[in-house]
Amino acid sequence: MFNRILIANRGEIALRVIRACRELGVECVCVYSTADAGAPYLDLADRAVCIGPPPAAQSYLDIARIIAAAEQTGADAVHPGYGFLSENAHFAEVCRDCGVEFIGPTPEAMALLGDKVAAKRLAREAKVPVFPGSEDAVETDDEALDEAEKVGYPVIIKAAAGGGGRGMRIARTREDLLAGVERARQEAKAAFGDGRVYIEKFLESARHVEVQVLGDKHGGAVHLFERDCSIQRRHQKLIEEAPAPGLDPRRKDEVCKRAAALIKKAKYHGAATVEFLVDEKQNFYMLEVNTRLQVEHPVTEMITGVDLVRSMIRVAAGEPIPVKQRDLKRTGHAVECRINAEDPARSFAPSPGVITRFDPPGGPGVRMDTHAVAGYRVPPNYDSMIGKLIVHDESRDAALARMARALAELRVEPIHTTAPLQLELMRNSAFAKGGVDIHFLERLLKK
Ligand code: ADP
């Protein structure tokens, strides 16, 4: 096991990793920008090192400063959390070159799965269902037109190196396609330094279902079932749950097994998520592989009883996956709400500032992962998530009722949060029925 882990992140996920380190008996070092100086979670680390000013480019994204902090504090591993450098293959490589274990995949496995064209090719080989569309990046306009004719309009043009929803274009006609391919190429070149684009079928309506997987350094790979994250606004997830309601169990089990086979094929170790869109006929199509821990990992922890953060640290230290596939069972239903400091009544305007009152909910089956406390100042510089409220109960209906109860207990003043909207959703009959699509929330907000 490691002696000392440096946590290259902030906020709730830094605290989540601190907790895992404590339980494993490993020391931990937090890095922070001056915007986070004095944040209470830093006191729970063994050491905290300031790495720069508020802009992430000069702190949480600054590889040299993070490596310097690791060397200065004698850390033998780095946990990247999610966001920031977590999917940066160059960072993983620098860690390796400096003799610090990156808690996640090798830079090679990360780069392979991070390239959407390469990941799709590997997925096909592992019999993971993918979207109909081009096998490779499209080079010419004629190739693009051919592919689009083959799969049928509408199609979506995507950047091979894409991420964060950038560089995507929907095309409903030939004209759209020709204009879109050109623009997508330019956008991808500017954003990722890689102009390769490919084409796939566009689904007008779909659910977002993703599979949690975990691999080790001995070729082991397991899946920890699926999550449904269809409640989204502008591609940002707001509510996640596990299991995904209303799916044919045989079909989803098959997809979960395939997802595990995919990471095995990629010689992947660490936690990963294989994301899918699912159409009305319950056909799965792989979107991408996220080569890191996800924000919504707690719902999987709640239904399986597996601590994903501890597990990823253990596999990074060379241990085999702590559980066998056949011993993995899911129990009950879990739901997570991302509590963002945003005002849903004012188009989700950020609502930073000092929290004067903070009462997290409690009671049976309730977990709140948050770095916020009364007196905490939400900095305006980063993601607006101030915590995640997670509940677990014996059935989906019970979990929704428990979440409504917990949301009503949560008091955050005077800043605005997304909690009132999430409470409304817990009482929405269509959501309660289960199986809403990824546009459901946006339709509801338009009403
Ligand atoms: P990124 O890595 O940029 O987030 P993704 O491939 O994950 O890109 O796609 C982001 C979002 O775009 C998806 O969550 C989905 O809402 C939408 N999307 C992507 N591909 C398709 C598709 N083939 N059909 C319909 N929607 C899609």
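Worth knowing before you read on, the calculation uses all heavy atoms, side chains too, and leaves out hydrogens, waters and symmetry mates. Each ligand, and each atom within it, is numbered from 1 in the order the structure gives.
If you run side-chain hydrogen bond (donor to acceptor under 3.5 Å, both in side chains) between E240 and each of R338, H297, K388, only R338 comes through. Partner of E336 under the side-chain contact (heavy atoms from CB on, under 4.5 Å) criterion, out of R227, E241, E296: E296 alone.
Taking the six-membered ring where tryptophan is involved, the planes of F84 and Y382 are perpendicular, since the angle between them exceeds 60° and thus also 30°.
With contacts defined as side-chain heavy-atom distances shorter than 4.5 Å, the pair V295/I13 does not qualify.
At least one cation-pi condition fails for R124 and F131: the charged atom is not both under 6.0 angstrom from the six-membered ring centre and inside a 45 degree cone around its axis.
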Short N or O separations between ligand 1 and the protein, below 3.5 Å:
| unit_1 | atom_1 | unit_2 | atom_2 | d |
| --- | --- | --- | --- | --- |
| ligand 1 | 2 (O) | K116 | NZ | 2.8 |
| ligand 1 | 2 (O) | E288 | OE1 | 3.1 |
| ligand 1 | 2 (O) | E288 | OE2 | 3.2 |
| ligand 1 | 3 (O) | G164 | N | 3.1 |
| ligand 1 | 3 (O) | G165 | N | 2.4 |
| ligand 1 | 4 (O) | G165 | N | 3.3 |
| ligand 1 | 6 (O) | K116 | NZ | 3.1 |
| ligand 1 | 6 (O) | K158 | NZ | 3.1 |
| ligand 1 | 7 (O) | E288 | OE2 | 2.9 |
| ligand 1 | 8 (O) | K116 | NZ | 3.0 |
| ligand 1 | 16 (O) | H235 | ND1 | 3.4 |
| ligand 1 | 20 (N) | K158 | NZ | 2.8 |
| ligand 1 | 23 (N) | E200 | OE2 | 3.4 |
| ligand 1 | 23 (N) | K201 | O | 2.7 |
| ligand 1 | 24 (N) | L203 | N | 2.9 |

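Under the 3.5 Å distance criterion, with hydrogens and angles disregarded, no donor-acceptor pair is assigned to the side chains of E342 and H416.
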